[in-house]
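For reference, the structure discussed in these notes is given below.
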Amino acid sequence: MFVPDLRRLRPLGLAALCLGLLGTAGCAASDGPVRIGLAGPFDDPVGRPMKLAAELAVEEINRAGGINGRMIELLAQNDHNNTDSAVAVAERLRATDVSAVIGHLFSGTTLQAAPIYNGGSNPVVQLSPSSSSPEVSYAGPWTFRVCPSDLDHGRALASWVRDGLHYERGTVFYLNDQYGRGIRQTFVEEFRKRGGAVLAVNPYLGDVPEVGPYVERLARDGRSQFMLVAGNLSEGQQVLREARARGVQLPIMGGDGLEGLEGTGAIAEGSYESAAYLPTIETPANRRFVEAWHAKYPAAGQPNQPAAATYDAVYLLADVIRSAGTGRRAVREALASRDAAHPFEGVTGRIAFDSLGDVPSRTIYIAVVKNGALHLAGER
């Protein structure tokens with residue numbers, strides 16, 4: 001960062017300099033880079049696109065002149081999807097001069113790091129692209145997110161199953177943790193409210209859960225029209241394998257934890273996933289983003305939701321800082337003011353915060369697996 005030699009400034013010039021910078025970073029240089037923190041699991045296949053997208057957005061903004069002529073500098077810190085590392089990363093970033101932090105990616109690390117960003121005498125905005133736990137809503141006034149919560153995914157899936165597919169009866173498998181319980185709860189409540197019947201609710205633990213007995217019971221009963229898996233990719237694959245091995249051909253569906261199910265092979269054909277973002281969304285903003293992504297990263301495959309949401313987060317913060325300055329409190333207040341009356345239009349859609357830092361009006365997309373790829377099936 002450029003630091004002027006204050007001894008060479010006349011008193012009047014020094015006073016003008018400090019007054020001009022009041023409310024941002026005190027009497028510090030205003031022509032140096034604007035620093036934004038980035039925290040996530042960059043060695044994780046889901047998290048690596050987050051870093052790539054942030055670098056793409058920063059490159060584009062800087063090429064266009066930066067923020068009021070100042071270049072953005074990204075301070076990236078890998079939390080390895082580990083809660084202890086996330087706390088250490090948060091402490092390091094809060095101690096720097098970053099105006100805000102984009103992160104963390106997963107709910108567990110976001111929640112563990114939130115007290116650091118929200119605490120102390122100089123808190124800093126924490127803007128998560130993908131942490132969907134309902135608890136993030138109450139992590140603190142400096143914590144925001146640009147993705148829907150698990151509760152939204154559960155409701156959207158129930159609406160799609162009942163009103164889109166017109167199924168009346170089904171079986172639920174759920175990972176017995178915060179994520180699985182959240183989707184299970186809202187799905188079951190909404191599906192029953194719409195006149196559907198949940199015939200069994202089966203909890204499990206582990207990446208490769210023992211769900212064989214559950215599937216045996218489902219096969220014997222014969223009344224279910226679908227299987228919902230409120231969990232992650234490996235568990236969804238296991239339910240699929242157990243079901244197909246027993247001749248059960250019912251469609252499987254789940255939330256964004258099933259990201260990547262389309263690559264499982266033929267047994268995943270006809271499966272459904274809810275998603276806050278799809279690279280096939282036909283909007284001008286998304287088409288530009290996807291084209292820029294492929295041009296810069298031709299071997300990276302399609303951008304995922306963390307990538308698109310991180311890209312939006314960089315542009316949103318740049319827009320906020322452009323008008324409010326780099327001061328942390330000013331950034332926080334300007335970000336909070338992007339409400340339903342003053343939304344930000346991004347690649348992932350309209351971003352409008354409520355009083356909890358949530359985006360309750362976000363669209364949930366329902367995708368279906370066809371020929372090993374995701375295709376838009378509907379919106380909820």
Side-chain angles (χ1 to χ4, degrees), residues 33-44 46-62 66-67 71-81 85-114 116-118 123-133 136 139-148 276-277 289 293 303-322 324 326 328 331-332 334-336 338 344 346-348 351 353 357-359 362:
V34 175
R35 292 191 173 90
I36 295 175
L38 182 72
F42 307 140
D43 45 8
D44 183 280
V46 176
R48 174 170 164 73
M50 173 190 188
K51 187 170 184 287
L52 297 180
E55 292 169 347
L56 173 60
V58 167
E59 179 182 286
E60 291 176 347
I61 295 169
N62 286 345
I67 302 175
M71 299 296 102
I72 299 176
E73 183 177 303
L74 202 62
L75 273 61
Q77 296 283 308
N78 194 336
D79 67 16
H80 305 285
N81 192 24
S85 294
V87 170
V89 162
E91 290 173 340
R92 285 198 296 272
L93 287 173
R94 194 184 69 176
T96 69
D97 63 348
V98 296
S99 296
V101 175
I102 299 170
H104 295 228
L105 186 66
F106 297 118
S107 296
T109 47
T110 291
L111 289 168
Q112 200 70 22
I116 308 299
Y117 296 118
N118 283 269
V124 61
V125 160
Q126 174 192 28
L127 180 60
S128 174
S130 302
S131 297
S132 57
S133 167
V136 173
W142 292 76
T143 297
F144 297 77
R145 60 175 158 194
V146 296
C147 66
Y277 168 79
F289 165 62
W293 172 272
N304 62 0
Q305 187 275 335
T310 299
Y311 184 86
D312 275 352
V314 173
Y315 269 94
L316 172 57
L317 287 174
D319 190 55
V320 163
I321 294 169
R322 188 171 289 114
T326 57
R328 290 180 173 181
V331 169
R332 191 262 166 211
L335 195 63
R338 303 308 293 259
F344 176 82
V347 165
T348 61
I351 297 172
F353 297 108
D358 282 336
V359 283
R362 295 304 300 269

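Keep in mind the model is a prediction, meaning the values are calculated, not measured. In this chain, numbering begins with 1 at the start of the sequence shown.
Here the CG atom belonging to Leu317 is positioned 9.0 Å from the CD1 atom belonging to Ile61, to the nearest 0.5 angstrom. How far CZ of Arg362 is from OG1 of Thr348: 3.5 Å, rounded to the nearest 0.5 Å. Rounding to the nearest 0.5 angstrom, the gap separating the OG atom in Ser99 from the CG atom in Leu335 is 12.0 Å. Taken to the nearest 0.5 Å, the CG atom of Asp312 stands 10.0 Å off from the CD1 atom of Ile102. Taken to the nearest 0.5 Å, the CG atom of Leu74 stands 11.5 Å off from the CZ atom of Arg35.
Using cut-offs of 30° and 60° on the angle between ring planes, the pair Tyr311 and Phe289 is tilted. In this structure, His104 and Tyr117 have tilted ring planes: the angle between them lies in the 30° to 60° band.
Under the 3.5 Å distance criterion, the side-chain polar atoms of Arg332 are matched with a main-chain donor or acceptor of Pro141. Proximity of a side-chain donor or acceptor of Arg145 to a complementary backbone N or O of Ser133 within less than 3.5 Å is detected. Between the Arg94 side chain and the Ile116 main chain, a donor and an acceptor come within less than 3.5 Å of each other. Using a distance-only test at 3.5 Å, with no hydrogens or angles considered, no donor-acceptor pair links the side chain of Glu73 to the main chain of Val98. Counting only distance, with no hydrogens or angles, the side chain of Asn62 and the backbone of Ile72 share a donor-acceptor pair below 3.5 Å. Between the side chain of Asn118 and the backbone N or O of Trp142 there is at least one donor-acceptor pair closer than 3.5 Å.
Taking 4.0 Å as the cut-off between side-chain N and carboxylate O, Arg48 and Asp43 do not count as a salt-bridged pair.
The shortest side-chain heavy-atom distance between Phe106 and Asp44 falls under the 4.5 Å cut-off.
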> Can Val101 and Leu38 be said to form a side-chain contact (heavy atoms from CB on, under 4.5 Å), step by step?
Replying inline: CA-CA 6 Å; Val101 175; Leu38 182 72; over 6 Å; no
> Run the side-chain contact (heavy atoms from CB on, under 4.5 Å) check on Trp293 and Leu52 step by step: do they pass?
Replying inline: CA-CA 9 Å; Trp293 172 272; Leu52 297 180; 3.8 Å; yes
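A donor-acceptor contact closer than 3.5 angstrom links the side chains of Ser131 and Thr110.
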